[in-house]
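Residue numbers begin at 1 in each chain, while the letters A, B, ... track the order of the sequences.
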Amino acid sequence: MTEFRLFNTLSRAVEPFAPADGDIVSIYSCGPTVYNPAHLGNFRTFLFVDLLRRTLQLRGWRVNQVMNLTDVDDKIITRAVEQGKRIREVTEPVSEIFFADRDYLRIQPAETYPKATDYIPQMIALVERLVASGTAYQAEDGSVYFAIGRFAGYGRLSRLDTREVRSGARVAQDDYTKENAQDFALWKAAKPEDEQVEAAWDSPWGRGRPGWHLECSAMAIDLLGETLDIHAGGIDLIFPHHEDEIAQSEAATGKQFARCWCHGAFLLLDGTKMAKRLGNVKTVKDLREQRIPAAAVRHLIFSTHYRKELNLSEEALEGSIEAVRRVGQFKERLDDALGGTAELGEAADAAVAATSEALFDDLNAPEALAALFTFVRRGNAELDREGAEPEALDRAREAFARIDSVLDLVPDVEEEDPRLVAWVEERLAARRAARESRDFAQSDAIRDELKEQGIILEDKAGATQWRRAR
RNA sequence: GGCGCCGUAGCCAAGUGGUAAGGCUCGGGACUGCAAAUCCCGCAUCGUCGGUUCGAUUCCGACCGGCGCCUCCA
């Protein structure tokens, strides 16, 4: 079996990876803050984690993945105050959209989606451990902070020990109660608006709410144990989020928090980071309105290595739509074929070997795609020869299924308006009649008529198939 | 200011110290009544300038260009 290798942000190197217990890989991946529907930048990261978990499964391991839903934070509270709602009334509908978008993109569900607000007791317990060990303190403002100066390893993940804080007024004015400007809040003292939107809980330090970093540590430890195999997220989370998670978790448990840290690069739109505050976001809803197949989105995301920035462009997306159309057609031909050739079997074996090797080498999906398309081209050529070996055909079908179990690139058949279908069928019947009487002028006129309505015909051996042009 | 990433054909994008995978587009051909689909053929010397080397796109340095983190952030 090929060695499985992953880039570990801790070492900044590609390293051999295997789960600690030998069978199940525990993964914690940072999920969405549910105040607004996630955009494609967020989903690039979620698709990267999807690629990771599917590849781990291809390798033969089982996966136990936890993805949190952050359902209490500043932005949610602000939104709730604006709309005169309780935070639940903001977060629940947005969570539903998240799950629907996830399903549309065929992202395999994680095993657990804990909500931060369901883990308040675990978070309080974690803070108590930190206060008891002397790494956390309650400040004058009532909030509890983590003292980074009392945790030796602080900065290891982000290499913060080698950086310095930019000169100038970066430190907020209200930070005067902290020991160190970079100490981060574990537990935030409640403000009146927090109470108003039901975002405050009782604690040993008074009414308050959890800090953002705290929720991930508490839920990860509760659901997956004190040491995770993999902790994944977007590259922007390295600092401070993941750095702080490491600090509070390891200060509390005395154990390594995550064995491997994996971070995905950004999705750019028009050359700049896609971000809500910049206004240059695209959402899954936008894609669906443009009739972009989910498979094409997957293809586009996987066509760039996960650690490299990806610039979303209309042209690239069109290319992916076409690429994925070919994949779907190849799958169809495999399904319909009656036999194969020896060379088809060979192409299938080569494809499985090449895609596995690529994926097991730090999730090199672009290279896996190259191998897939080599299989598609060679496979189509062999299918053109109409071989009669059922065993070779079976091998090809299995190979395709195995590769596609990770990439999942076969586009869905679109549902069409029944009225359109009826009209097309009527025109096709007329065209068939014309062709049977060898009236090709009439036949071509009908085809042009259909083409004007965006319908493309393919005369196959048995019947004429049609599809929508883009 | 500190830390870091990227720059490969019209577009997207792998990769290697020994003369560049794959996809889209484009051109030519086969197949087809004609198309479509499919297949075949063709299409780059790897940002610039130096250096190391028998040999660099791949290593080192400088420069130019683009981007990110350092503050909420996938």
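The existence of a salt bridge linking A/R447 and A/D444 is confirmed by a sub-4.0 Å separation between a basic side-chain nitrogen and an acidic carboxylate oxygen. The existence of a salt bridge linking A/D384 and A/R333 is confirmed by a sub-4.0 Å separation between a basic side-chain nitrogen and an acidic carboxylate oxygen. With respect to the salt-bridge test (charged N to carboxylate O, under 4.0 angstrom), the residues A/R307 and A/D362 qualify.
For A/E367, the side-chain atoms get nearest to B/rG15 when compared with the rest of B/rG15, B/rA36, B/rC11. Of the candidate nucleotides B/rC11, B/rC73, B/rC40, B/rC73 has the atom nearest to the side chain of A/W212. Taking every side-chain heavy atom of A/D444 into account, B/rG33 is the closest of B/rA36, B/rG33, B/rU8. With distances taken from any side-chain atom of A/T33 to the nucleotides B/rU38, B/rA74, B/rC67, the minimum falls on B/rA74. Here the nucleotide nearest the side chain of A/A381, chosen from B/rG68, B/rC39, B/rC11, is B/rC39. Proximity note for A/P366 (side chain, C-beta onward) versus B/rA14, B/rG33, B/rG23: the nearest is B/rA14.
Counting any heavy atom pair closer than 4.0 Å across all strands shown, A/L457 reaches a base atom. Using a 4.0 Å heavy-atom cutoff across all strands shown, A/N364 reaches sugar-phosphate atoms only and no base atom. In this structure, A/F373 reaches the sugar-phosphate backbone alone: every heavy-atom distance under 4.0 Å involves primed, P, OP1 or OP2 atoms, never a base. Residue contacts for A/E318: at a heavy-atom cut-off of 4.0 Å it reaches no nucleic acid atom on any strand shown. A/G233 comes within 4.0 angstrom of sugar-phosphate atoms only, judged by non-hydrogen atoms across all strands, and of no base. Contact annotation for A/A275: no contact, since no heavy-atom pair falls under 4.0 Å across all strands. Among the heavy atoms of the strands, none lies under 4.0 Å from A/L383. At a threshold of 4.0 angstrom between heavy atoms, the contacts of A/S320 with the nucleic acid are absent.
In this structure, B/rG42 and B/rC26 make a Watson-Crick or G-U wobble pair, each of the two defining distances being under 3.5 angstrom. The pairing partner recorded for B/rC34 is none, the criterion being a Watson-Crick or G-U wobble arrangement whose two distances lie under 3.5 angstrom. B/rG4 is paired with B/rC67 under the criterion used here, namely a Watson-Crick or G-U wobble arrangement in which both key atom distances are under 3.5 Å. Using Watson-Crick or G-U wobble geometry with both donor-acceptor distances under 3.5 Å, B/rU57 finds no partner in any strand shown. B/rA21: no Watson-Crick or G-U partner with both key distances under 3.5 Å is found in any strand. As the counterpart of B/rU48, B/rA62 is assigned, both hydrogen-bonding distances of the Watson-Crick or G-U wobble pattern falling under 3.5 Å.
Across B/rC60 and B/rC69, the matching P atoms stand 26 Å from one another, rounded to whole Å. For B/rG51 and B/rA56, the C1' atoms lie 12 Å apart once the distance is rounded to whole Å. Taking atom C1' in both B/rC43 and B/rU8, one finds a spacing of 15 Å when rounded to whole Å. One P atom belongs to B/rU38, the other to B/rC49, and the distance between them is 41 Å to the nearest Å. Across B/rA20 and B/rA44, the matching C1' atoms stand 8 Å from one another, rounded to whole Å. B/rG27 and B/rC64 have their P atoms separated by 41 Å, given to the nearest Å. B/rC59 and B/rC6 have their P atoms separated by 10 Å, given to the nearest Å. When the P atom is compared between B/rG22 and B/rC54, the two are found 33 Å apart, to the nearest whole Å.
Distances shorter than 4.0 Å separate some side-chain N or O of A/N380 from OP1 or OP2 on B/rC39. The side chain of A/R12 places no N or O atom within less than 4.0 Å of a non-bridging phosphate oxygen (OP1 or OP2) of B/rG4. Regarding contacts with the backbone of B/rU38, a side-chain N or O of A/R325 is found under 4.0 angstrom from either OP1 or OP2. Of the side-chain N and O atoms in A/S303, none sit less than 4.0 angstrom from OP1 or OP2 of B/rC12. Note on A/R326: a side-chain N or O is less than 4.0 Å away from OP1 or OP2 of B/rC39. Contact between the side-chain N/O atoms of A/W466 and the OP1/OP2 oxygens of B/rA36 is not found at any separation under 4.0 Å.
Relative orientation of the A/F151 and A/F146 rings is perpendicular, given thresholds of 30° and 60° on the angle between their planes. Between A/F4 and A/F360, the ring planes lie tilted relative to each other; the angle falls in the 30° to 60° range. Ring geometry for A/H263 versus A/H242: interplanar angle of 30 to 60°, hence tilted.
Side-chain atoms of A/D236 and base atoms of B/rC72 include no donor and acceptor less than 3.5 Å apart. Between the side chain of A/K273 and the base of B/rC67, no donor-acceptor pair under 3.5 Å is found. Side-chain atoms of A/R435 come within donor-acceptor range of the base of B/rG33, with a qualifying N/O pair under 3.5 Å. At a cut-off of 3.5 angstrom, the base of B/rC34 holds at least one donor-acceptor pair with the side chain of A/R447.
We find that CD1 of A/I238 is positioned 17 Å from C1' of B/rC72, with the value rounded to whole Å. Taking atom CZ of A/R378 as the reference point, atom P of B/rU38 lies 18 Å away to the nearest angstrom. To the nearest angstrom, C1' of B/rC73 lies 14 Å from CD of A/E245. As rounded to whole Å, 16 Å separates atom P of B/rC5 from atom CG of A/L268. What separates CD of A/E386 from C1' of B/rC39 is a distance of 13 Å, to the nearest Å. In this structure, the CZ atom of A/R44 is 12 Å from the C1' atom of B/rA13, given to the nearest Å. Regarding A/H242, its NE2 atom lies at a distance of 11 Å from the C1' atom of B/rC73, rounded to whole Å. Remark: P of B/rA35 and NZ of A/K451 are 11 Å apart, rounded to the nearest angstrom.
Residue-nucleotide stacking is present for A/F440 and B/rG33, judged by a side-chain ring centre under 5.5 Å from the six-membered base ring centre and planes under 30° apart.
Across A/E343 and A/R378, no two heavy atoms sit closer than the pair O-NH2, 4.1 Å. What you find for A/R54 and A/V406 is that their closest heavy atoms are CD-O, 3.1 Å.
Residues satisfying the side chain to side chain contact (heavy atoms under 4.5 Å, CB included) criterion with A/T70, sequence neighbours excluded, are A/T33, A/N68, A/D73, A/W212, A/E215.
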Worksheet item: Under the ring-ring contact (aromatic ring centres under 6.0 Å, His included) criterion, do A/F375 and A/F330 qualify, and how do the steps go?
Response: CA-CA 10 Å; A/F375 180 32; A/F330 180 55; 5.2 Å; yes
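Nearer the 5' end of RNA chain B, as judged by each residue's closest nucleotide, is the contact made by A/H305, out of A/H305 and A/P240. Comparing A/H299 and A/N42 by the nucleotide of RNA chain B that holds the closest heavy atom to each, the one mapping nearer the 5' end is A/H299.
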